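Shown next, in structure tokens, is the structure this report addresses.
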Amino acid sequence: MDVLVCVKRVPMVGGRIALQGDRRRLDTSLLGFTVSPHEECAVEEGVRLSEAAGGSVTVLTLGPPEAVEQLRTAISVGAHHALLLETDRDDFGPLATTRAITRAIEGLEAERQSPFDLLLFGNEAADTADYQVGVRVAHALGRPVATGIKHLEVGGGSARARRTYRGTEELFILALPAVVTVKEGINLPRYPSLPGRMRAKKTVVATLRPTYEAEGLEMRSLAVPTTERRSAEVLGHGVEAVPPLVELLVKLGVIE
Amino acid sequence: MSTVVCYVETENGAVLDASLRALTFARGLAAEATEVSALIAGPPGADVTAQLQSFGVTSICVLSAGGLTGYAPLALAKALAAMASRSEAAAVVAAATDHGNEVLAHLGALTGLELAANCTKAHLVEGERRFRLVRQRWGGSLIEEAVLSAATGLFSVAADSVQPVPSPAAGSLAVSEIAPQLDALDLALQALESPEESPGISLASAKVVVSGGRGVGGPEGFAVIEELAALLGGAVGVSRVVTSLGWRPHREQVGQTGTRVAPDLYLACGISGAVQHLAGCQSSKHMVAVNTDPSAPIMSRADYAVIGSVAEVLPALVDAIRARRSSC
Ligand SMILES: Cc1cc2nc3c(=O)[nH]c(=O)nc-3n(C[C@H](O)[C@H](O)[C@H](O)COP(=O)(O)OP(=O)(O)OC[C@H]3O[C@@H](n4cnc5c(N)ncnc54)[C@H](O)[C@@H]3O)c2cc1C
């Protein structure tokens, strides 16, 4: 069972989003970086599958040189190999990203002389949320794909991938090799172990430089929506706030 | 005259609200008159037909393919591709639901066309094959202005940002079947469907949500959150810290990577108000925060606040509500 997981480095935005002066980039000077929760779960799912059935987990990212940090985090929780598609550009959109990832996977599979059994992605990236790279890569490689998966079983040459949509459970049965995009909640990711961290430090991360090809969707500017910044009306401090809070609940019609 | 094709979802004999919003978006894409063709997965009842007509749809194509019983994203995408190429459509549109985004992603992959997801606005630049658009990033915490150059633009529509407006000029309506060529792989990609086992009041549709974050202190702290939610006829919500720590299950998580809620009252207890959390609850009608920190970000988004500890305030609140009920 060999699994490849694709992740994306994103800033760990907290209480507010700040933009740089050009309104095209986030001001990340005070922020740490992470991957989407969906992708953390994709890594965990890959590691669990390889633990159960044997095999390896390769983690891949397209991003700046610093994205090696996210690859090492994945290794510290159980991934075995890592590949960085290194670029200084921050305008790789969904099509350019699809092409770069597809080529890299074709290269890896040619080297291994066999396809990965499963390619895992997050359902959508935390920052750009384009909702499509996993599906496009699947088509480019001619493999079946299911998205937004919250429960996955693999065995007997197929993947049984489940999710719920508007109160209906949907089950997709995909012949391997296949592509699955997952959502947070499919599992509870583990924390890095000490030996894991040691291994992450030592692992050699392979690096390729993908070529960028222009695409039709061009970002022009970013803005933080002007949701009314209000100042909450303070009902009180500690338990003394309870009577006015009860009154408020009555006023809002929540209690009689 | 330009044509826009729209994937329309139905449920229990009615068009989904999100699809009505997508239809409204579709009609507004071009300055010139726009024909809207709708694709639906199964035969429309009278209500669906009437709704589509009132939203300006002039033709309905019903997916007809032997061997399909469940939701089949690839077959739907093939039908949309056929409709778009037949009518030289300027755009294909769907609601940015899990199904809508998935079908459009398949369509993009099949045709090589570009997809702009989670759009709130878009219009065709007159005389050009170019759209100016606005879309959401970070679950709506960030807005992007972009240009999409494409013979046919694909757009998924962020549901909460477009109001559903019936067409002032609803006209006649033609219904036909569409039977795309499907191979074994297309047919294999369909959902086997069964009803979900529902865990009580659904978080997504609850009128009251009592949410707890790290400030609740631990799994035991949720007893009083549950009690209050039950007293108010609401559902329990949590922040991501709470699910990551394993205090509560992920199905209770509110936010960008959890459930989106829009209750009348959102009571945020011991939650700081990170943008990814707010992405899931900013449509709440009223928000009340209980937090020890008067400068927490949630304070600039809530309508009302109690400055204090969850461990003190909530049990007292539960007691007060009980006392009020027993004296009535
Ligand atoms: C890509 C991405 C996606 C994410 N998606 C989500 C998501 O879907 N949902 C989500 O919730 N988060 C999400 N997050 C995480 C988010 O950024 C925050 O880390 C998280 O929401 C914080 O949870 P919290 O408010 O419970 O904890 P904290 O931020 O630690 O806040 C705890 C709050 O409790 C208060 N407090 C402490 N003790 C008490 C007490 N005794 N009584 C009252 N108040 C007290 C503190 O003042 C503080 O304000 C995401 C993050 C990323 C990077």
Side-chain angles (χ1 to χ4, degrees), chain A residues 13-17 36-38 94-95 126-132 135-136 139 144 147-148 164-172 175 183-185 188 215-225 227 229-239 241-243 245-246 248 252 254-256, chain B residues 11 71 98-99 101-102 105-106 108-110 114-118 137-138 141-150 185 188-189 191-196 208 232 240 246 250-251 257 264-265 272-275 282 286 289 297 299-300 302-308 312-313 316-317 320-321 324:
Chain A
V13 175
R16 57 183 279 268
I17 293 187
S36 162
H38 297 327
L95 266 72
D127 55 350
T128 52
D130 292 305
Y131 286 91
Q132 50 191 286
V135 175
R136 287 189 190 268
H139 277 259
T147 70
T164 50
Y165 182 66
R166 304 188 63 86
T168 297
E169 189 177 85
E170 301 180 330
L171 164 67
F172 296 92
K183 276 195 179 174
E184 187 182 26
L188 187 57
E215 46 197 318
L217 184 59
E218 272 175 78
M219 187 261 282
R220 288 293 162 89
S221 66
L222 299 174
V224 178
T227 27
R229 286 207 141 250
R230 48 196 148 196
S231 222
E233 178 186 332
V234 175
L235 297 172
H237 289 71
V239 291
V242 167
L245 183 51
V246 169
L248 175 70
L252 297 180
V254 174
I255 55 174
E256 310 221 308
Chain B
E11 184 175 86
Y71 161 75
D98 288 350
H99 279 185
N101 278 326
E102 183 175 54
H106 277 288
L110 284 170
E114 312 235 8
L115 160 61
N118 297 311
R137 292 185 173 203
W138 283 104
S141 309
L142 191 64
I143 300 298
E144 169 186 348
E145 283 185 25
V147 172
L148 175 61
S149 310
L185 203 80
L189 198 66
L192 300 168
E193 297 172 353
S194 54
E196 176 193 17
V208 174
L232 302 180
R240 177 162 183 254
H250 181 270
R251 63 167 189 277
T257 52
D264 293 339
L265 173 66
S272 62
V275 294
Q282 60 202 4
H286 302 280
M299 295 298 175
S300 57
D303 306 292
Y304 303 93
V306 174
I307 314 296
E312 243 182 88
V313 176
L317 177 60
I321 295 172
R324 187 184 168 86

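Naming convention: chains lettered A, B, ... in sequence-line order (proteins, then strands); numbering from 1 in each chain. The structure displayed is predicted, hence computed values, not measured ones.
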Winner by heavy-atom pair count (cut-off under 4.5 Å) against chain B, out of A:L171, A:T168, A:V13:
A:L171

Counting only heavy atoms closer than 4.5 Å, note whether B:L265 contacts chain A via side chain, backbone, both or neither.
side chain

Got a donor-acceptor contact below 3.5 angstrom from the A:E170 side chain to the B:A191 backbone?
no

Looking only at A:H139, A:E233, A:E184, most heavy-atom pairs under 4.5 Å shared with chain B are made by A:E184

Only pairs of heavy atoms separated by less than 4.5 Å count here; which of A:T164, A:L245, A:L248, A:V239 has the most with chain B?
A:L248

Do side-chain atoms of B:R251 reach the backbone of A:G185 as a donor and acceptor pair under 3.5 angstrom?
no

A:R220: what forms a side-chain hydrogen bond (donor to acceptor under 3.5 Å, both in side chains) with it, not counting sequence neighbours?
none

Measuring heavy-atom distances to chain B, does A:L222 have an atom under 4.5 Å in its side chain, in its backbone, in both, or in neither?
both

Among B:A305, B:G273, B:A320, B:G246, which residue has the highest count of heavy-atom pairs closer than 4.5 Å to chain A?
B:A305

With only heavy atoms counted, which part of B:V275 is less than 4.5 Å from chain A, the side chain, the backbone, both or neither?
both

Whatever's closer than 4.5 Å to a heavy atom in chain A on B:H286 counts as side chain

For the CD atom of B:E144 and the CZ atom of B:R137, what is their distance to the nearest 0.5 Å?
4.0 Å

Heavy-atom pair with the smallest gap, counting every atom of B:G108 and A:R136:
O-NH1, 3.1 Å

Just verifying a value: how many Å separate B:L232 CG and A:L252 CG, rounded to the nearest 0.5 Å?
11.0 Å

Relative to chain B, which segment of A:E215 carries a heavy atom at a distance below 4.5 Å: side chain, backbone, both, or neither?
both

Among A:P94, A:A126, A:P144, who wins on heavy-atom pairs under 4.5 Å with chain B?
A:A126

Taking every heavy-atom pair that is under 4.5 Å apart, which of B:N118, B:L185, B:I321, B:V208 has the most such pairs with chain A?
B:N118

Top contributor to chain B interface from A:G148, A:A129, A:A241, A:G167 [non-hydrogen pairs under 4.5 Å]
A:G167

Who wins among B:L142, B:L110, B:V313 for the most heavy-atom pairs under 4.5 Å with chain A?
B:L142

Distance from B:E114 atom CD to A:Q132 atom CD, nearest 0.5 Å?
8.0 Å

B:D303, part contacting chain A, at a heavy-atom distance under 4.5 Å
both

Side chain to side chain contact (heavy atoms under 4.5 Å, CB included) filter on B:S194, not counting sequence neighbours, yields A:E169

Identify whether the distance between the nearest side-chain nitrogen and carboxylate oxygen of A:K183 and B:D98 falls below 4.0 Å.
yes

Among the options B:S141, B:A116, B:A150, B:A289, pick out the one with the most heavy-atom pairs lying under 4.5 Å from chain A.
B:S141

In terms of heavy-atom proximity below 4.5 Å to chain B, should A:L235 be classed as side chain, backbone, both, or neither?
both

Sort out for me which of B:A109, B:S149, B:A274 touches chain A most, counting heavy-atom pairs under 4.5 Å.
B:A109

Applying a strict 4.5 Å limit to non-hydrogen atoms, the region of A:L217 in contact with chain B is both

Backbone N/O of B:Y71 and side chain of B:E193: donor-acceptor pair under 3.5 Å
yes

Sort B:A316 into side chain, backbone, both or neither according to what part of it lies under 4.5 angstrom from a heavy atom of chain A.
both

Donor-acceptor contact below 3.5 Å, side chain B:E102 vs main chain A:T147
yes

With chain A as the partner, which of B:A302, B:A117, B:G308, B:A188 has the greatest number of non-hydrogen pairs under 4.5 Å?
B:A302

Contact origin within A:Y131 toward chain B - heavy atom pairs under 4.5 Å
both

Rounded to the nearest 0.5 Å, how far does CZ of A:R166 lie from CD of B:E196?
12.0 Å

